[in-house]
Amino acid sequence: MYFRSVLSTLIHNLRFFEGLSDDDLRESAYELLLASIFFSGVEANSVEDRRKEKTSKFLSGLKSKRDKMQSQSQSVGRKSELMDIVRVQMQASCRIISEAMDSCTRRNLMQLAARKMSGQIDLTHIALGLLNGTFKSDFLNERSYMQWKSRQANILEELLCSATGTTNEHLTIRSYVDKIRDEKEWDTMMSASERVAVVASIRQVAVKLSSLPAQFGIQGETFYWTAIYHVNIRLYQKLLFGLFDVLDEDQLIEEADEMLLLIKLTWSTLGITETMHDALYGWVLFQQFVRTGGSVLLENAVLHLQKVISTEEDDRKEQYMNSLVCTKQCNGSHLKLHLLRSIFVSISMWCDYKLQDYHSHFSQKPYNFRMIISLVSAVGVLASGDLKLMKLNASDAKASRKLKSYVKKSTEAAFRKVASKVDFESKIERIHPLAQLAKELKLIAETEFNVFHPVLRCWCPESVTISVVLMHQFYGERLKPFLKGVSSVSGDARSVLPAAYMLDQYLTKLYTSALEANKLPNSFNQDFKHYQIGEISKPFILDWVISQHSHILEWTGRAFDIEDWEPLSYHQRHAASIVEVFRIIEETVDQLFGFNLPMDITHLQALLSVIFHSLDAYLMKMLNQLVEKNHLYPSTPPITRYTETVIPMIKRSLVVGTLLDANVARKLNELTIPKLCIRLNTLQYIQKQVAILEDGIRKSWGLIRPSLDQRQTKEEVLEERSLLTSSEAVDALFATTCHIIRDTTTDAIRKFCDFTGARVVFWDLRDQFLFHLYRGDVGSSRLDSFLPHVDTVLDNICGLIDDTLRDLVVLSICRASLEGYVWVLLDGGPSRAFSDSDITMMEDDLNVLKEFFVAEGEGLPRSLVEQEAKFAQQILGLFSLKTETVIRMLMNASEHISMRVDSHKHGHMGLEDAHTLVRVLCHKKDREASKFLKQQYELPMSSEYDDTSSRDSNFGSPLIPDLLKRSTSFHWPKNGQSSFKSIRKKLQAATSEIRDVAR
């Protein structure tokens, strides 16, 4: 509606005395175009005429003559095709120009052109010529004839009455025209001669007018240029409107350029100059754009109007165009404007209206907004109520204020629009209206910054800052009452506070970005008063985090208590309970950062504390399920000396220990190898997930911190740094939580690996290894019978354990196997004694054991296995030494090593330790060693004992620990002999007690 009112005031005095409709003007414009083409010397036949000519052309003339005229025929044929296209384009849907009528019109105009060989054609001669040569019989029906005749009468009256200056001439013309209109008088009562006389009388007036002098002396100028310019301009616009595709109105037809060349033939008749053409064509393109929204039309309109501005006309043409005056209403008064300015003002008025709400009109079509600003920069921006136009100039304060007013009004209009519908949309989205409003305003701000500001910044660099400040104020006014009622971060506050905070952040970001990009003075503190989101929400968030502590601990304990240590799936070989624990933790983390509210380091500290205590509790529960490795080791056999006897005798049984504690036994039953593997996988899963969790928290925290920093003043930043909110403080928090958890987990993995190796060798395979290897005779009980059992265990473990833990577990089994091997050599009991010839086989067995774990380069690194086997290798080296050498080493060791008899302290014996050397002598199949042990320690003979019961013994002997409680260590004096006597007495006392108990 607004656009129509603008168009109606464009050219006020382009109103007609009689009722000339748009259809009348369109048909008259088409007749003018045909006449202009014919008067230019081009012959163009109608469709019907061309059909008749096809046969005659085919039969007439020689081939050479046809070739000679081919180019001329093609040119004429193309113009005829274009004229047919014009006829289709120009005709209204209700007034179709039939082919028969078109043929009649062309024939009459061609005859008129043939008779008038000199001078210019004008509209009155065209109308009079058609009245003379067209008859009622040329029409299909009487109605068409009456419409045509009435139009010709109306156009004559409009042309001649507008051009004549006296009342008498007006009356004369009107009387003649009335006769033409009257059906009975013109077609029935008047004779042909009388009709010719009327037409001749009208022609005399027309000739008189056409002979009047022109006003400006422009080449080709006629009296009609200025006398009937209002008709001329309207007709020319109708011709230009014919360039638009009737089926796709936002597009020009393909033949537009060719048609324009034909339309320009009417310039001399209508008084059109190059500048007027560009102005009117730009105006027509603009009107079509307004109707259809076609961006190409707008772009072309801008190009033509810019040509108007850049073209310099000579003084006479400029005076001529300034004489084409139009009247426009403004504030109740009439203002006279020349044609070009009237067009510019009309366009600027429309743009002014649209730019006052550009968010609504151009958000979906940003290219149109850019072109509209280009259009305004060409025609000028409307300054005030007197229809003055200002050129857009960044240095022009008035123009800058005008653009600022557009930004303010459009922002206000956009806010009113979203505010009016936010209640309805919030019900659909099921969120609070304030949250929905913040969401909508953020979208508006994004569009302002990304779409409109890049266009406006050349003339109004403050556009973004103006818009975001207004939106911030508008929303703040609605938010303030809500904030007063907030008491927690639940309910409506859960949606409103984050939305308000994100809007505050985003608007702040846009504001500061615009200031920096345009190098504008910083007035941040005056323009922005941040919403008090942080002050309200921080205490509530901290309370929420603290409240999650007990909940997560309870959930962790519950998940652990029901854990059966079975793999979650084939691909997820960890426990289900740890997945549940991390799920709860991650949900808590997501909820905390999902608040999208300001936080400080106190909140991070509380969150990490919750995570630490939850995982630490889980790890402690796992470690509490573990038992000490010493419960896995067999009972300590008695210390004996090797003897050979063939005399049958009653043998003593070994010491029978006490039962394991019921709690220890229960735990051992639960710590099977498959369940140990699941526990190890679970610990490794904790390692991985803690790293992922830490990385996620750091990223989420990093997203919060920059947003806070952007909003802070320098004083606030310094204050926060003093409160340990720097990155160093954050790193320290993670070091005291996540890093400690990782260290604890690593230690737990080590303990479970060590236990797994000890469990395999000292518990599960003790019968195949500890109680079988070298028992009775080395040659009959070699190591090769044990390795298949280890291989089977390793296969099972590798199928269960995580790949990253495989080498650690295999290493623990390797280490336990070597420890078990040393146990056989030193604590093997009375049934084991080794001769010098046995050592070679034993060394071969040790090499086989090492190669087994190296596995031809696919197992453990050889260097690592060699390092682990070093002590066993050295023990075998002691057995290779002569007995005198070992005895001498034992005497030397008494000066440096504290003597402790407990063989269960694995890993504490050294190569030259008294324990080691005594046990080497005990297991040497050597008379000198046996004699030494008998003389110095009075050790019993190995043949006196039957140690078969030890193979099924799951007990531990309290006797050796009791002896060691009374004598935990021996401090030898410097005199080696006296110290040796001292240790001998201690050993004798120990063996004496053992014999007494055995009896």
Side-chain angles (χ1 to χ4, degrees), residues 1-6 289-293 295 298 349-373 376 381-382 401-456 460 462-482 492 495-496 498-511 514 527-528 531:
M1 293 298 295
Y2 176 82
F3 178 68
R4 292 178 181 176
S5 67
V6 171
F289 156 72
V290 172
R291 292 190 182 97
T292 65
S295 300
L298 178 60
M349 288 174 64
W350 183 89
C351 294
D352 180 78
Y353 171 74
K354 294 295 182 179
L355 289 176
Q356 291 182 46
D357 190 10
Y358 59 76
H359 285 92
S360 175
H361 299 297
F362 302 111
S363 292
Q364 301 302 320
K365 294 184 177 181
Y367 179 76
N368 285 359
F369 178 75
R370 183 180 295 276
M371 297 309 302
I372 288 295
I373 296 298
V376 170
V381 62
L382 206 60
R401 283 198 298 271
K402 186 67 176 180
L403 289 180
K404 289 179 182 178
S405 71
Y406 288 150
V407 176
K408 291 179 180 178
K409 290 180 179 179
S410 183
T411 302
E412 291 171 355
F415 179 81
R416 288 195 299 270
K417 182 178 179 180
V418 297
S420 64
K421 63 179 183 180
V422 71
D423 289 333
F424 174 74
E425 291 183 351
S426 65
K427 292 178 181 178
I428 297 177
E429 298 290 337
R430 294 184 179 181
I431 61 174
H432 194 277
L434 283 175
Q436 181 67 22
L437 181 59
K439 178 182 176 182
E440 296 291 339
L441 290 180
K442 184 174 181 291
L443 294 176
I444 294 173
E446 286 178 354
T447 305
E448 178 68 41
F449 185 79
N450 297 321
V451 176
F452 302 126
H453 177 63
V455 179
L456 294 174
C460 184
E462 307 93 339
S463 62
V464 167
T465 59
I466 293 171
S467 182
V468 299
V469 168
L470 282 174
M471 281 189 278
H472 195 272
Q473 292 173 352
F474 293 155
Y475 188 78
E477 292 172 359
R478 295 203 173 199
L479 179 66
K480 190 174 181 180
F482 177 84
D492 291 338
S495 62
V496 175
Y501 177 65
M502 291 178 67
L503 177 65
D504 189 29
Q505 276 189 300
Y506 187 72
L507 295 181
T508 301
K509 179 182 177 182
L510 294 187
Y511 184 92
D527 293 337
F528 267 80
Y531 311 142

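Hydrogens, waters and symmetry mates are skipped; everything else that's a heavy atom, side chains included, is used.
- Ser405 places a side-chain heavy atom less than 4.5 Å from the side chain of Lys402.
- Here the straight-line distance linking atom OG of Ser467 with atom CG of Leu510 works out to 9.0 Å at 0.5 Å rounding.
- Around the NZ atom of Lys480, the shell of radius 6.0 Å holds no more than 12 heavy atoms that belong to other residues, nucleotides or ligands.
- Contact between Leu434 and Tyr475 at its shortest, heavy atoms only, is O-OH, 2.8 Å.
- A heavy-atom distance below 4.5 Å is not found between the side chains of Leu456 and Val464.
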Result block: side-chain N/O donor-acceptor pairs under 3.5 angstrom for residues 445-453, not counting sequence neighbours:
residue : atom : partner : partner atom : Å
Glu446  : OE2  : Lys442  : NZ           : 2.7
Thr447  : OG1  : Leu443  : O            : 2.9
Glu448  : OE1  : Tyr358  : OH           : 3.1
Glu448  : OE1  : His359  : NE2          : 2.8
Glu448  : OE2  : Tyr358  : OH           : 3.3
Asn450  : ND2  : Glu446  : O            : 3.1
His453  : ND1  : Ser463  : OG           : 2.8
His453  : NE2  : Asn518  : ND2          : 3.4

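- Taking both residues in full, the closest heavy atoms of Ala438 and Ala500 are given as CB-N, 4.4 Å, listed atom of the first, atom of the second, then distance.
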Apply the test side chain to side chain contact (heavy atoms under 4.5 Å, CB included) to residues Val418 and Leu441: give CA-CA distance (whole Å), side-chain angles for both, the deciding distance (0.1 Å), then the verdict. CA-CA 8 Å; Val418 297; Leu441 290 180; 4.2 Å; yes

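- In this structure, Ser495 and Ala435 approach most closely via the heavy-atom pair O-CB, 3.6 Å.
- When all heavy atoms of Ala414 and Asp357 are compared, the pair lying nearest together is N-OD1, 4.4 Å.
- Separation of atoms CE (Met471) and OH (Tyr506) is listed at 9.0 Å; rounding is to 0.5 Å.
- Between Phe415 and Phe474, the two ring planes are tilted [angle within 30° to 60°].
- Distance check: Lys365 NZ to Ser295 OG gives 5.5 Å after rounding to the nearest 0.5 Å.
- Taking the six-membered ring for Trp and the full ring otherwise, the centers of Tyr531 and His472 sit less than 6.0 Å from each other.
- The shortest side-chain heavy-atom distance between Leu298 and Asn368 falls under the 4.5 Å cut-off.
- Side-chain N/O atoms of Glu440 and Gln436 include a donor and acceptor closer than 3.5 Å.
- Distance check, rounded to the nearest 0.5 Å: CG of Leu507 to CD of Gln505 gives 10.5 Å.
- Of all the heavy atoms in Met349 and Leu382, the pair that sits closest is CG-CD2, 3.8 Å.
- Rounding to the nearest 0.5 Å gives a distance of 11.5 Å between CG of Asp423 and CD1 of Ile428.
- When side chains are defined from C-beta on, Leu437 counts as touching Arg478, because their heavy atoms get closer than 4.5 Å.
- The closest side-chain heavy-atom distance from Phe482 to His432 is below 4.5 Å.
- The minimum heavy-atom distance linking Leu355 with Ser410 is given by the pair O-CB, 4.0 Å.
- Atom CG of Leu403 and atom CD1 of Ile466 lie 9.5 Å apart (nearest 0.5 Å).
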